[in-house]
Novice: 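Here it is, the structure, as structure tokens.
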There are 2 protein chains.
Amino acid sequence: MRVLIVEDDPLHRSYLNEAVRAALPECETVLEADNGLSGELQARKLRAEHVVMDLQMSERNGIEAARTIWRERPDTKILFWSNYSDEAYVRGVARIVPEGATYGYVLKSASDERLKLALRSVFMESQCVIDREVRGIQQKNLGNAHGLSDAEYEILVDVALGLTDKAIAQRKKLSLRSVQNRLQQLYEKLDVYEIPGDGPEGWYNLRMRAVAVALLRKVLNASALERAERELRNSGGH
Amino acid sequence: MRVLIVEDDPLHRSYLNEAVRAALPECETVLEADNGLSGELQARKLRAEHVVMDLQMSERNGIEAARTIWRERPDTKILFWSNYSDEAYVRGVARIVPEGATYGYVLKSASDERLKLALRSVFMESQCVIDREVRGIQQKNLGNAHGLSDAEYEILVDVALGLTDKAIAQRKKLSLRSVQNRLQQLYEKLDVYEIPGDGPEGWYNLRMRAVAVALLRKVLNASALERAERELRNSGGH
DNA sequence: TCTTGTCCTGCGGGAACCCGCAAATTTTGC
DNA sequence: GCAAAATTTGCGGGTTCCCGCAGGACAAGA
């Protein structure tokens with residue numbers, strides 16, 4: 001059994017290394033990569049079936065690396081180990097998990113015990129282990145009281161990239177008006193109309209405000225934007 | 001001599017602790033705080049004159065903590081120790097450094113040697129030590145080829161918060177047209193007109209696109225937005 | 001003093017945005 | 001198969017944004 005660790009922070013990497021050795025005595029080799037890109041390459045070259053992956057790395061972030069790894073070997077077991085439980089990350093991971101794949105998501109703030117337990121559960125028992133906090137965020141979005149639907153989230157991303165309504169309509173193959181409808185739903189769900197402080201109604205540019213609120217609530221974050229921007233450029237702009 | 005470490009990651013905190021003890025044998029006590037708020041409190045209570053400060057912490061980030069510490073004791077020596085050299089951070093730090101204060105800015109990716117050297121230089125020699133990479137970003141903004149002026153940056157932040165042109169005009173005590181002028185400068189400097197891919201001119205909502213580009217280039221980041229949002233709410237919205 | 005440069009300001013218009021209303025269409029549940 | 005519910009689409013208008021043009025205010029320099 002071999003485990004690949006993908007993590008850019010040296011301290012965290014060596015901590016992980018130790019944790020893996022302690023939790024999985026049956027593990028022969030522990031490999032390391034210090035960014036997403038080299039993580040992909042190593043996983044491919046060494047046929048690693050067990051990966052511990054940090055999110056947010058330079059070069060290529062954990063979500064993208066995981067996606068290509070899973071594309072090549074959907075049965076790879078991946079344990080995500082992240083500082084934050086931003087909705088954007090949670091959503092990003094959920095989007096790329098293949099049918100029936102086993103994975104885990106634990107926060108760096110978790111205790112040693114939790115980490116080791118997760119390592120054993122995911123790698124040995126093929127059991128998914130999602131941190132309680134992360135799980136909470138997942139739930140909130142399905143029980144769509146305030147959470148955004150996928151459709152709404154996609155529109156949000158397009159808006160955040162700076163596309164016009166017309167451009168979005170074309171990308172999404174919708175009429176102009178439909179895009180605007182979805183935008184209005186978005187505005188409601190993000191409480192864009194709630195005005196901090198006083199002043200007349202017209203203090204906010206709604207489309208911009210929606211994105212600001214999404215960023216403040218971590219529904220969106222920089223790495224989600226980067227991903228979307230890259231996709232946009234690849235798809236040639238239309 | 002006492003040193004206060006403000007850092008939320010336990011691994012990094014203990015690493016720092018060791019580094020401080022190694023670099024500064026004359027140091028009697030090393031204190032620790034695990035978020036910005038308790039950092040402020042400890043600094044006040046213990047009259048720490050030497051602080052190592054992480055940026056981006058929950059509760060209160062390093063820049064805000066440093067500001068209140070410096071407000072109370074402008075001669076405090078602060079060494080910022082950060083993962084990133086986002087322009088937003090660099091600018092945020094520069095904005096709060098008091099006249100003649102001594103501080104440092106080193107990246108977490110720096111070697112042990114660099115860190116220890118910086119510790120000695122800042123705390124013992126009262127000499128400012130700014131990481132080469134960070135310095136580069138500072139320069140770029142003064143030699144205003146592409147860098148944003150402070151005026152432009154402020155407008156950018158207001159736009160990113162979602163304020164309308166009119167609201168910004170009122171906040172900044174300018175005419176509507178002046179705000180729009182500044183916006184146009186912003187659009188130029190951020191290359192908002194450069195279109196990835198093909199398509200007619202009108203693919204982008206310029207105001208939104210400008211913010212997107214700023215985020216992608218790290219001219220803005222989430223914590224800068226949070227700060228601005230808090231200021232906005234405190235100032236009652238006008 | 002007279003340029004020259006930079007910044008602020010007002011005017012005007014074309015484009016984009018925001019959204020109420022109502023009809024057409026698709027999806028859902030039974 | 002049908003009715004209810006949700007989604008999509010078009011129309012029309014009020015508002016905001018984007019920006020070219022041009023006239024003023026103020027400072028620096030010949």
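Quick note on labels: first sequence line is chain A, next is B, and so on, each numbered from 1.
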Novice: Checking contacts here: which listed nucleotide (C/dT9, D/dC18, D/dT16) is nearest the side-chain heavy atoms of B/Ser175?
Specialist: C/dT9
Novice: For C/dA16 and A/Thr164 - does any side-chain N or O of the residue sit under 4.0 Å from the phosphate oxygens OP1/OP2?
Specialist: no
Novice: Please report the distance, rounded to the nearest Å, between OH in A/Tyr187 and C1' in C/dG20.
Specialist: 16 Å
Novice: Taking atom C1' of D/dC18 as reference, at what distance in whole Å does atom CD of B/Glu188 sit?
Specialist: 13 Å
Novice: Looking at B/Glu87 and B/Arg217, is any side-chain nitrogen of the basic one under 4.0 Å from a carboxylate oxygen of the acidic one?
Specialist: no
Novice: When the nearest nucleotide of DNA chain C is assigned to A/Leu176 and to A/Asn181 on a heavy-atom basis, which residue is associated with the more 5' position?
Specialist: A/Leu176
Novice: Could you say whether B/Lys173 or B/Gln180 is positioned toward the 5' end of DNA chain C, judged by the nucleotide with the nearest heavy atom to each?
Specialist: B/Lys173
Novice: Between A/Arg209 and B/Leu161 (side chain of the first, backbone of the second, donor and acceptor by atom type, cut-off under 3.5 Å), is there such a pair?
Specialist: yes
Novice: Roughly how many Å is it from CZ in A/Arg207 to P in C/dC19, rounded to a whole number?
Specialist: 11 Å
Novice: Side chain of B/Leu206: nearest nucleotide among C/dG10, D/dT9, D/dC19?
Specialist: D/dC19
Novice: Regarding C/dG12, can its base be found pairing with the side chain of B/Arg177 as donor and acceptor, where the two atoms are less than 3.5 Å apart?
Specialist: no
Novice: Nearest-Å distance, CH2 (B/Trp203) to P (C/dA15)?
Specialist: 17 Å
Novice: For A/Leu186 and C/dC18, what is the distance between atoms CG and P respectively, to the nearest whole Å?
Specialist: 11 Å
Novice: Given D/dT16, C/dC8, C/dC17, identify the nucleotide with an atom nearest to the side chain of A/Asp165.
Specialist: C/dC17
Novice: A/Arg182 has a side chain; which of D/dC18, C/dC8, D/dT8 sits nearest to it?
Specialist: D/dT8
Novice: How long is the line joining CD of B/Gln170 and P of C/dT9, in whole Å?
Specialist: 13 Å
Novice: Just N and O in the side chain of A/Gln184: are any of them under 4.0 Å from OP1 or OP2 of C/dG20?
Specialist: yes
Novice: Across the strands shown, which category fits A/Leu174 at heavy-atom distances under 4.0 angstrom: base, sugar-phosphate, nothing?
Specialist: sugar-phosphate
Novice: Given atom CG of B/Asn205 and atom P of D/dT15, what is their separation to the nearest angstrom?
Specialist: 20 Å
Novice: Less than 4.0 angstrom between a side-chain N/O of A/Tyr204 and OP1 or OP2 of C/dC18, yes or no?
Specialist: no
Novice: Less than 4.0 angstrom from a charged side-chain N to a carboxylate O is my criterion; do A/Arg91 and A/Asp86 meet it?
Specialist: no
Novice: Would you call the rings of B/Tyr105 and B/Phe80 parallel, tilted or perpendicular, where under 30° means parallel and over 60° means perpendicular?
Specialist: tilted
Novice: What is the distance, to the nearest angstrom, from the CD1 atom on B/Ile168 to the P atom on C/dC8?
Specialist: 14 Å
Novice: Does the distance from a Lys or Arg side-chain N to an Asp or Glu carboxylate O, for B/Asp9 and A/Lys108, drop under 4.0 Å?
Specialist: no
